[in-house]
Amino acid sequence: MDNYESDFLVIGSGIAGLCFAIHASRFGTVTIITKKEDSESNTNYAQGGIACVLDDNDSFELHIQDTLTAGRGLCNEGSVRIIVEEGPARIKDLIDWGVDFSHLNAATNPYKLDLGREGGHSVNRIVHARDLTGRAVEEQLVALIRANKSIRLFEHHFAVELITDHHLSGTPGTIGDTCYGAYVLDTISRNIVPVRAEFTCLATGGAGRTYLHTTNPSIATGDGYAMAYRAGADIANMEFIQFHPTTLLHEGAPSFLISEALRGSGAVLCHRSGREFMEKYHPLKSLAPRDVVARAIDNEMKLSGEPCVFLDIRQADATQTEKHFPYIYKRCRDLGLDITRDLIPVVPSAHYTCGGIRVDHEGHAGIDGLYACGEVSCTGVHGANRLASNSLLEALVFSYRAATDAGARLAARSRNSRAAIPAWDDSGTNDNEEWILLSHNKTEIQSVMWDYVGIVRSDLRLSRAMRRITLLEREIENFYKRTRITVPLLELRNLVTTAKLIVLSAAKRRESRGLHFTTDYPGQNDRYWKKDTVLSNK
Ligand SMILES: Cc1cc2nc3c(=O)[nH]c(=O)nc-3n(C[C@H](O)[C@H](O)[C@H](O)COP(=O)(O)OP(=O)(O)OC[C@H]3O[C@@H](n4cnc5c(N)ncnc54)[C@H](O)[C@@H]3O)c2cc1C
């Protein structure tokens with residue numbers, strides 16, 4: 001048990017957790033736990049890149065304005081300014097750490113990087129490593145972590161619960177003001193151990209798996225939102241789920257994202273006949289913000305009765321397309337689709353969770369000793385809609401700020417008691433044989449969320465969803481109390497809690513804004529609703 005103890009505990013090994021760990025290691029010892037292999041994360045699948053002002057033709061004000069426009073009046077302007085102005089320094093960190101971004105021959109910006117364009121950005125500002133940006137970043141960060149003597153990384157370790165005051169006092173129901181670490185399940189040995197730390201950083205990523213169709217890998221089950229909610233942290237703006245407009249529709253193949261960068265390079269949305277339709281919805285046509293494009297596609301599919309729409313990049317130079325998008329080109333080619341000659345069938349799917357654990361400008365989550373970074377956090381940067389490629393930037397900037405803040409507090413030794421942390425109590429639980437019920441429950445949650453809490457919502461749909469999710473939550477909680485813990489059970493419990501948070505937030509917001517569109521309140525209501533929806537378990 002002592003083996004795991006350190007100054008900082010980081011839960012999650014995506015860009016946010018790994019960057020927090022690297023920066024925190026300047027101040028003390030770091031333990032990272034991650035529930036699967038080290039690089040399995042949303043980060044690893046990011047294709048497009050990282051938005052950053054690096055070009056003479058660009059400016060901080062322009063990037064801030066683009067972000068605020070996408071966020072539909074709900075961004076925290078201070079947080080937006082922070083990520084935009086501190087972005088270049090954090091990109092420089094990545095370059096210094098050896099991340100191999102795509103370069104340009106002509107020296108039009110200080111780092112000579114090739115800057116791509118994505119929807120909602122008024123100029124080219126997307127730093128990328130071909131169309132495999134996330135993987136390039138993740139691999140380099142993992143290599144750095146492995147070589148750092150102050151950091152230990154434990155794969156196949158699942159954070160079950162944050163340790164707060166009620167675990168120490170033994171009084172169930174007491175909500176904690178202090179976080180002492182986390183109870184962690186070693187998924188190989190099946191032991192649950194308390195991992196103590198002065199400071200804990202939740203970097204568990206998003207919740208795409210709450211929905212039936214998603215671009216997110218299997219790790220994205222919303223564990224961090226659920227754990228933080230149970231521990232008493234505020235959870236904000238969960239109704240704002242971004243649906244990526246263009247994932248490949250191919251029978252038998254898992255959802256695969258066709259990056260927005262393809263539209264930045266000239267691909268247009270159209271019907272099977274080649275007829276374009278985006279001019280009906282937005283002046284930027286196929287480069288309109290994601291929420292507009294997703295709703296337009298949803299509407300066109302309803303009008304045509306077709307299961308998808310199409311992307312057409314046939315008019316672009318084939319060699320350039322293959323060179324700039326080698327990953328997409330190959331994945332499609334393996335499925336018998338040549339994107340330089342064929343139309344690409346696409347549908348929207350759940351992609352990014354804009355809301356999350358409410359944090360301040362230092363990433364602090366309102367419980368002493370607890371920070372949250374990356375997709376699981378709500379810094380206020382995204383407001384009602386995330387601007388493409390701002391999430392990796394947000395993770396980079398806020399993980400640095402959080403680690404720096406925690407480091408300063410550690411130096412001042414301002415906190416944490418040495419009170420004994422009790423062992424995990426699993427008395428009264430048994431191995432259950434009805435595991436199949438878990439996968440039924442999971443599919444039910446995902447279907448309810450897809451059918452009733454998707455791109456277009458209504459009061460009727462949301463109340464249907466709430467009834468079903470409440471029933472499922474009760475069943476799952478009952479199962480949890482009687483059953484010896486396993487990963488599928490923990491994920492299911494977190495999934496249903498996260499689904500509930502999304503439905504509750506969506507039901508609260510009686511207007512349509514950004515990613516939240518409801519037919520009962522189709523207009524934006526600034527008078528009453530220019531504010532965050534906040535949920536608390538306190
Ligand atoms: C297909 C795809 C493409 C994208 N493209 C872009 C892009 O081009 N630009 C951009 O800015 N953003 C993009 N995004 C979004 C971006 O990738 C994510 O928001 C970002 O990577 C999140 O980083 P993170 O570190 O917060 O979480 P993640 O990278 O998801 O990492 C979360 C980590 O937490 C671990 N974890 C979760 N729960 C537990 C638990 N209970 N115990 C222990 N460990 C746990 C996971 O295993 C994982 O290691 C994309 C997302 C997807 C899915």
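Nothing fancy with the numbering, it's 1 onward along the sequence.
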Trainee: With sequence neighbours left out, which residue pairs that include part of residues 381-392 fulfil the salt bridge (Lys or Arg N to Asp or Glu O under 4.0 Å) condition?
Mentor: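 Non-adjacent pairs meeting salt bridge (Lys or Arg N to Asp or Glu O under 4.0 Å): zero.
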Trainee: For A159, does its backbone N or O pair with a side-chain atom of K35 as donor and acceptor, under 3.5 Å?
Mentor: no
Trainee: If you measure only the distance, is there a donor-acceptor pair under 3.5 Å linking the side chains of D114 and H128?
Mentor: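 Per modelled atom types, D114 and H128 side chains form a pair under 3.5 Å.
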Trainee: Heavy atoms, side chains only, cut-off 4.5 Å: are L392 and V137 in contact?
Mentor: no
Trainee: Side-chain contact test, heavy atoms from C-beta onward, threshold under 4.5 Å: evaluate it for V80 versus L68 and give yes or no.
Mentor: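 Answer yes - side chains close enough.
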Trainee: Under a 3.5 Å cutoff, is there a donor and acceptor pairing between the side chains of T67 and N390?
Mentor: yes
Trainee: Taking the six-membered ring for Trp, are F20 and Y371 parallel (under 30°), tilted (30 to 60°) or perpendicular (over 60°)?
Mentor: tilted
Trainee: Give a yes or no answer on whether the side chain of H282 reaches the backbone of L284 with a donor-acceptor pair at less than 3.5 Å.
Mentor: yes
Trainee: Under a plain distance cut-off of 3.5 Å, with no hydrogens placed, do H244 and T215 share a side-chain donor-acceptor pair?
Mentor: no
Trainee: Can a donor-acceptor pair be found, under 3.5 Å and without considering hydrogens, that links the side chain of T353 to the backbone of G355?
Mentor: no
Trainee: Would you check, one step at a time, whether the test side-chain hydrogen bond (donor to acceptor under 3.5 Å, both in side chains) holds for S122 with D66?
Mentor: CA-CA 7 Å; S122 45; D66 288 345; 2.8 Å; yes
Trainee: Could you tell me whether the side chains of Y45 and E138 share a donor-acceptor contact shorter than 3.5 Å?
Mentor: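 Judged by distance alone, the side chains do not pair up.
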Trainee: Check whether D131 reaches the backbone of Y327 with its side chain - one donor and one acceptor, N or O, closer than 3.5 Å.
Mentor: yes
Trainee: side-chain hydrogen bond (donor to acceptor under 3.5 Å, both in side chains) with N299: which residues, sequence neighbours excluded?
Mentor: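 Per chain and number, N299 pairs via side-chain hydrogen bond (donor to acceptor under 3.5 Å, both in side chains) with Y281.
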Trainee: So do I82 and H361 actually touch side chain to side chain, heavy atoms under 4.5 Å?
Mentor: yes
Trainee: Is it true that a side-chain atom of S286 and a backbone atom of L269 form a donor plus acceptor pair closer than 3.5 Å?
Mentor: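 Side chain of S286 to backbone of L269: a pair is present.
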Trainee: Ignoring hydrogens, what is the shortest heavy-atom contact between T34 and S13? Give both atom names and the distance.
Mentor: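 Heavy atoms only, the tightest pair is OG1-OG, 2.8 Å.
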Trainee: Please evaluate residues L94 and Q140 with respect to the criterion side chain to side chain contact (heavy atoms under 4.5 Å, CB included), reporting the C-alpha separation (whole Å), side-chain torsions for both, the decisive distance (0.1 Å), and the verdict.
Mentor: CA-CA 9 Å; L94 291 183; Q140 205 55 33; over 6 Å; no
Trainee: Is the closest side-chain heavy-atom distance between L62 and R125 below 4.5 Å?
Mentor: yes
Trainee: Between the side chains of E375 and S391, is a donor N or O closer than 3.5 angstrom to an acceptor N or O?
Mentor: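 No.
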Trainee: If you compare all heavy atoms of G49 against all heavy atoms of S389, which two are closest, and at what distance to 0.1 Å?
Mentor: O-OG, 2.9 Å
Trainee: Parallel, tilted or perpendicular: which one describes the rings of H63 and H121, with boundaries at 30° and 60°?
Mentor: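 Aromatic pair H63/H121 classed tilted.
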Trainee: In the structure I gave you, are the side-chain heavy atoms of L113 and L54 within less than 4.5 Å of one another anywhere?
Mentor: yes
Trainee: If you look at every heavy atom in P307 and M301, which pair is closest and at what distance?
Mentor: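 The pair with the smallest heavy-atom distance is O-CE, 3.5 Å.
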Trainee: Does R130 reach the side chain of K323, with side-chain heavy atoms less than 4.5 Å apart?
Mentor: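 No, their side chains stay 4.5 Å or more apart.
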Trainee: Do L396 and E394 come close enough that some side-chain heavy atom pair is under 4.5 Å?
Mentor: no
Trainee: Any side-chain to backbone donor/acceptor pair from S79 onto C75? Under 3.5 Å, distance only.
Mentor: no
Trainee: Can you tell me if H516 uses its side chain to pair, donor with acceptor, with the backbone of R509 under 3.5 Å?
Mentor: yes
Trainee: Hey, does the side chain of T43 reach the backbone of I15 with a donor-acceptor pair shorter than 3.5 angstrom?
Mentor: yes
Trainee: Just to verify, what does E322 make a salt bridge (charged side-chain N to carboxylate O under 4.0 Å, His left out) with, not counting sequence neighbours?
Mentor: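 Salt bridge (charged side-chain N to carboxylate O under 4.0 Å, His left out) list for E322, sorted by chain: empty.
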Trainee: Is R457 close enough and on-axis enough to Y452, meaning under 6.0 Å and within 45°, for cation-pi?
Mentor: no
Trainee: With a 4.0 Å cut-off, would you call E86 and R401 a salt bridge?
Mentor: yes
Trainee: Output yes when a side-chain donor or acceptor of D58 lies under 3.5 Å from a complementary backbone atom of V53, and no otherwise.
Mentor: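 Between the backbone of V53 and the side chain of D58 there is no qualifying donor-acceptor contact (under 3.5 Å).
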Trainee: Can you check whether Y211 reaches V453 side chain to side chain, under 4.5 Å on heavy atoms?
Mentor: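 Answer yes - side chains close enough.
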Trainee: Looking just at side-chain N and O atoms, do N385 and Q242 make a donor-acceptor pair shorter than 3.5 Å?
Mentor: yes
Trainee: Check for a donor-acceptor pair, side chain of D338 on one end and backbone N or O of D342 on the other, with a separation under 3.5 Å.
Mentor: no
